[in-house]
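Just follow the structure's listing: the first ligand is 1, and inside any ligand the first atom is 1.
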Amino acid sequence: MPTIVQKFGGTSVADSAKILAAARKAIRAQKDGNRVVMVVSAMGKNTDLLIGLAREITEEPPAREMDMLLSTGEQVSVALMAMAVDSLGHEAISLTGAQIGIVTDSTHTKARIRSISTERMQKALDEGKIVIAAGFQGVDEAKNITTLGRGGSDTTAVALAAVLAAGACEIHTDVDGVYTTDPRVVPEARRVGRISYDEMLELASAGAGVMHSRSIEFAKKFSVPIHVRSSFSDNPGTMITAEPESHDQPVCGAAMVKNEARVTVLNVPDRPGAAMTVFSRIAAKHVAMDMIVQNIAEDGIADISFTVPRDDLPTTLGAVEEAVRQLGAGGYSYDEDESKISVVGLGMATQPGVAQRMFRALAAKGINILLITTSEIKISVLVAREHAQEALRTVHEAFALDREPPAALVAAEPAAEAPKAEAAVDMAARLEGMEDLIIGGVSLDQSQARVTVVGVPDTPGLAAEIFEQIAADGIVVDMIVQSVGREGHANLSFTIPQENLDKSLHLAAELSKRLGCQTPTSCPEVAKLSVSGIGMRSHTGVARRMFQSLADAGINVDMISTSEVRVNVVVDGAQGPRALAVLQKELEELIV
Ligand code: ADP
Ligand code: ASP
Ligand code: MG
């Protein structure tokens with residue numbers, strides 16, 4: 001008999017009527033011939049209320065006690081859910097994370113799953129019971145209660161689906177699927193029939209709150225198809241699988257992180273290891289940096305900009321001050337009222353003009369771009385927070401995301417994509433260190449060249465203009481990095497195929513002359529090194545190790561871009577093979 005995991009989020013169990021409705025859904029799935037595991041979140045805004053209570057007592061509650069407190073939210077809802085199933089005449093058993101045997105590491109408030117035992121769940125399922133599992137929680141080796149981070153019930157659900165080799169993992173929530181962007185912010189957003197793991201991962205980390213990003217890492221790693229759907233209707237929902245909705249469309253969705261703060265360390269001496277000093281000081285304070293932009297240095301100095309969640313700004317500035325002193329850098333600047341807008345799509349890697357379309361649309365609304373970073377399948381820009389909502393709406397419209405793409409693949413029935421139940425032996429082996437970091441490999445691309453436009457006036461529309469001309473010539477731009485404007489000027493670097501260098505440089509030179517900028521610089525052969533993997537962002541430290549090992553080998557990093565599944569660095573072409581060897585050696589034990 002197939003197993004199905006059904007997860008119900010907070011709003012879907014906010015009151016007794018909703019709990020009963022969810023129980024009926026599970027009973028229906030059981031009647032349809034499934035063994036049913038429900039994963040349930042805390043009711044409504046309960047987790048927020050508990051956090052508020054803790055804050056009334058102390059500004060800095062001990063993390064262990066925070067987990068003890070927050071886990072009660074889910075314990076309430078599983079008990080009520082089991083009562084609901086029982087009242088409807090069916091058998092159920094509620095289980096906490098500890099009772100299931102979800103073992104995590106000891107990182108309180110953002111613990112990672114190490115292993116899950118299936119015996120107790122299997123036994124209850126064999127007895128015909130509906131198993132009701134508390135989401136978001138586990139226990140460490142010493143039996144301390146842990147939680148997986150906000151939104152973590154999604155991760156519990158996908159992890160249970162993986163260990164039980166379930167045919168389907170349904171995420172029941174208050175929207176009827178994954179939309180092209182948050183439908184609460186942009187009402188024109190369209191529900192997508194399907195979306196690929198990689199796209200969903202990038203969207204989730206770019207701010208699409210509909211799925212916990214670690215749940216998608218899991219789903220990808222264990223090939224669990226996810227079906228996101230409404231708790232309140234039987235609408236078809238969205239399938240998250242390996243396949244995208246369409247192979248032709250450049251962009252599948254847009255997202256926003258509203259509260260970002262930007263810090264720029266000025267006049268950093270351009271020598272190996274300088275960036276490392278900044279990053280390691282910040283990492284030591286457990287602050288996760290988001291957009292990291294180090295632009296090409298002029299006259300031996302570079303600026304390093306990055307964003308952090310606004311709440312982490314005070315801690316970050318403390319670390320930055322230390323780094324500035326140590327490096328003898330020229331000081332720093334910051335702004336705490338900025339937002340990040342991103343577009344994501346597998347198709348952008350092969351189509352020219354995607355960046356240009358985004359930049360042009362923003363320029364047309366007079367919205368200035370403060371930073372740009374790109375990865376293979378994502379373009380992110382930083383804008384002033386007052387423009388965030390309009391910017392999101394604008395890019396959504398620019399890519400016609402409200403319309404179904406041509407040649408959209410129809411979402412397949414979840415059952416048709418179910419992974420084959422694995423032999424017990426394989427499964428057990430796979431479940432060791434479930435959330436461990438996996439590095440797929442390090443690759444070297446020596447086919448690109450770099451152009452830097454120096455001293456671009458920092459006004460709306462200039463990035464658009466540059467990339468419009470390049471795209472008009474059919475040139476596919478790979479990495480783009482725009483540093484923050486200094487005294488009203490910014491530097492804009494990008495990489496292109498080597499055979500397009502002359503043309504691109506010519507276009508850049510003409511434009512520079514017209515704009516009164518300095519002569520553009522270029523490098524005819526750069527080496528781009530990419531480290532790809534799963535869990536690279538949530539396991540902080542991969543980027544740090546990369547930069548450290550390159551610095552130790554005396555290799556200078558020219559450009560950096562990071563995404564959920566990749567860290568890219570650009571170094572001088574002649575250093576490529578050596579940089580590859582350095583990184584392979586450094587990351588050896590993590591590569592599978
Ligand atoms: P749950 O409590 O069920 O886990 P969440 O609040 O975590 O629900 O996630 C659902 C919410 O995510 C929606 O109400 C919606 O506002 C928001 N959201 C953000 N981005 C998207 C998107 N791209 N598609 C759908 N919903 C989104
Ligand atoms: N209750 C937890 C939270 O609000 C976990 C979840 O809902 O996924 O973050
Ligand atoms: Mg959620």
Legend entry - Donor-acceptor side-chain pairing of S196 and D198 below 3.5 angstrom: no
Legend entry - Set of residues that line ligand 1, where lining means a heavy atom lies under 4.0 Å from it: K7, G9, G10, T173, D174, V175, G177, V178, Y179, T181, D182, P183, R184, A208, G209, V210
Legend entry - Passing option when M200 is tested against V228, V210, T238 for side-chain contact (heavy atoms from CB on, under 4.5 Å):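 When V228, V210, T238 are each tested with M200, the side-chain contact (heavy atoms from CB on, under 4.5 Å) holds only for V210.
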Inset, instruction - With sequence neighbours excluded, tell me which residues meet side chain to side chain contact (heavy atoms under 4.5 Å, CB included) with Q356. - result: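 By the side chain to side chain contact (heavy atoms under 4.5 Å, CB included) rule, Q356 matches R360, F467, E468, A471.
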When you pair each N or O of ligand 2 with protein N or O atoms, which pairs come out under 3.5 Å?
from: ligand 2; atom 1: 1 (N); to: T47; atom 2: OG1; distance (Å): 2.8
from: ligand 2; atom 1: 1 (N); to: E74; atom 2: OE2; distance (Å): 2.7
from: ligand 2; atom 1: 4 (O); to: T47; atom 2: OG1; distance (Å): 3.3
from: ligand 2; atom 1: 4 (O); to: R150; atom 2: NH2; distance (Å): 3.0
from: ligand 2; atom 1: 7 (O); to: S41; atom 2: OG; distance (Å): 3.1
from: ligand 2; atom 1: 8 (O); to: G151; atom 2: O; distance (Å): 3.4
from: ligand 2; atom 1: 8 (O); to: G152; atom 2: N; distance (Å): 3.4
from: ligand 2; atom 1: 8 (O); to: S153; atom 2: N; distance (Å): 3.0
from: ligand 2; atom 1: 8 (O); to: S153; atom 2: OG; distance (Å): 3.1
from: ligand 2; atom 1: 9 (O); to: R150; atom 2: NE; distance (Å): 2.7
from: ligand 2; atom 1: 9 (O); to: G151; atom 2: N; distance (Å): 2.8

Legend entry - Under-4.0 Å salt bridge between K258 and D337: no
Legend entry - salt bridge (Lys or Arg N to Asp or Glu O under 4.0 Å) partner of E202, the single match among K220, R566, K378: K378
Legend entry - Pairwise side-chain contact, I195 with L203, heavy-atom cut-off 4.5 Å (strictly under): yes
Inset, instruction - Please examine the side chains of V251 and L401, heavy atoms only from C-beta on, and report whether any two atoms are closer than 4.5 Å. - result: yes
Inset, instruction - Report the C-alpha separation of L95 and R120 in whole Å, then their side-chain angles, then the decisive distance to 0.1 Å, and conclude whether the side-chain contact (heavy atoms from CB on, under 4.5 Å) test is met. - result: CA-CA 9 Å; L95 297 171; R120 188 154 182 191; 3.8 Å; yes
In a table with atom names and distances, give each donor-acceptor pair under 3.5 Å that connects a side chain of residues 157-167 to protein atoms at least two apart or in another chain.
none

